[in-house]
> 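What follows is a single structure, and I will ask about it in a moment.
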Amino acid sequence: MNIDPSGSLGEILFTEEQIASRVRELASQITQDYQGKSLVVMSVLKGSVFFLTDITRHIDLPVELEFVKISTYKGTTQPQVQPRFEHGLPWVHGKNVLLVEDIVDTGETLHYAREALLQNGVASVRICVLLAKEGYQSRGGCVPDYIGFCIPNLFVVGYGLDYQERFRNLPCVAVLHQSGDGESK
Ligand code: 5GP
């Protein structure tokens with residue numbers, strides 16, 4: 001998949017307001033589901049950082065925060081390497097972990113993270129993603145417990161999601177046009 005080096009933005013899929021509203025709904029569901037339980041919210045860096053800070057502020061429970069970094073795309077639009085934790089896993093033995101990730105595509109990254117957490121003796125693992133790409137269920141990877149929005153099979157940026165470290169600070173989620181698709185602006 002070749003992306004125009006200028007990284008031209010296309011259609012806005014979700015505005016700042018739409019994201020904020022859906023994030024509150026997810027937080028409310030998570031608050032209900034974890035009543036009376038301890039909860040560690042674990043952010044998969046860097047893409048989930050805005051999602052993490054927004055959602056945790058609406059989860060009405062005492063939560064602990066942890067951060068992990070998993071290598072996958074290496075600045076391209078296709079997975080280049082097997083997922084791996086860049087700095088290992090925090091000590092979460094016996095805890096309920098909610099992994100927060102920006103997007104599920106093949107589900108391989110989250111499958112890897114969930115298995116690693118289970119092997120490290122967590123009490124439970126659930127997964128919350130902002131975006132799920134169409135067809136992710138058939139790609140054999142992880143199925144999230146909480147999904148913000150389902151999207152078509154397009155490369156998207158914004159609200160934490162990057163292309164070569166650009167566009168993370170867009171407040172909305174937008175499509176990044178590929179060169180040759182005739183829609184670059
Ligand atoms: P998976 O392992 O589910 O195939 O991929 C998950 C990771 O790939 C995400 O955490 C994200 O870093 C990256 N990724 C997958 N699709 C997109 C996309 O459309 N846009 C961006 N910016 N990253 C993506």
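Values below: all heavy atoms of this structure, side chains included; hydrogens, waters and symmetry mates excluded. Position 1 is the first residue of the sequence; numbering continues from there. Remember, it's 1-based here, ligands and their atoms both numbered in the order they're listed.
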> According to the side-chain hydrogen bond (donor to acceptor under 3.5 Å, both in side chains) rule, which pairs have a member within residues 37-48, sequence neighbours left out?
S43-S48, K46-E165
> From L130 CG over to L52 CG, what is the distance, rounded to the nearest 0.5 angstrom?
12.0 Å
> Is a donor on one side and an acceptor on the other found under 3.5 Å between the side chain of H87 and the backbone of V68?
no
> Evaluating non-hydrogen atoms only, which member of L161, D162, T106 is closest to atom 1 (P) of ligand 1?
T106
> Pull out every atom of ligand 1 sitting under 4.0 Å from any heavy atom of E101, numbered as shown with elements.
9 (C), 10 (O)
> Could you check which of D105, D102, N153, L131 puts a non-hydrogen atom nearest to atom 9 (C) of ligand 1?
D102
> So is K133 close enough to ligand 1, meaning a heavy atom under 4.0 angstrom away?
yes
> Is there a side-chain contact (heavy atoms from CB on, under 4.5 Å) between L131 and Y159? Walk through the geometry before answering.
CA-CA 11 Å; L131 305 170; Y159 195 65; over 6 Å; no
> Tell me, please: is G107 in heavy-atom contact with ligand 1, that is, under 4.0 Å?
yes
> Would I70 count as a contact residue for ligand 1, given that I'm defining contact as a non-hydrogen atom of the residue lying under 4.0 Å from a ligand atom?
no
> Hey, does D145 have a side-chain heavy atom less than 4.5 Å from the side chain of D33?
no
> Closer than 4.0 Å to some heavy atom of V156 - which atoms of ligand 1 meet that?
18 (C), 19 (O), 20 (N), 21 (C), 22 (N)
> Report yes if some heavy atom in the side chain of I70 is under 4.5 Å from a heavy atom in the side chain of F85; otherwise report no.
yes
> Heavy-atom contact under 4.0 Å between F155 and ligand 1?
yes
> Give the atoms of ligand 1, by number and element, whose distance to some non-hydrogen atom of L154 is under 4.0 Å.
19 (O)
> Taking only heavy atoms of T109 into account, list the atoms of ligand 1 that are under 4.0 Å away from them.
1 (P), 2 (O), 5 (O), 6 (C)
> List, one per line, each side-chain donor-acceptor pair under 3.5 Å for residues 12-20, sequence neighbours excluded.
residue	atom	partner	partner atom	Å
T15	OG1	Q18	N	3.1
T15	OG1	Q18	OE1	3.4
Q18	OE1	T15	N	2.8

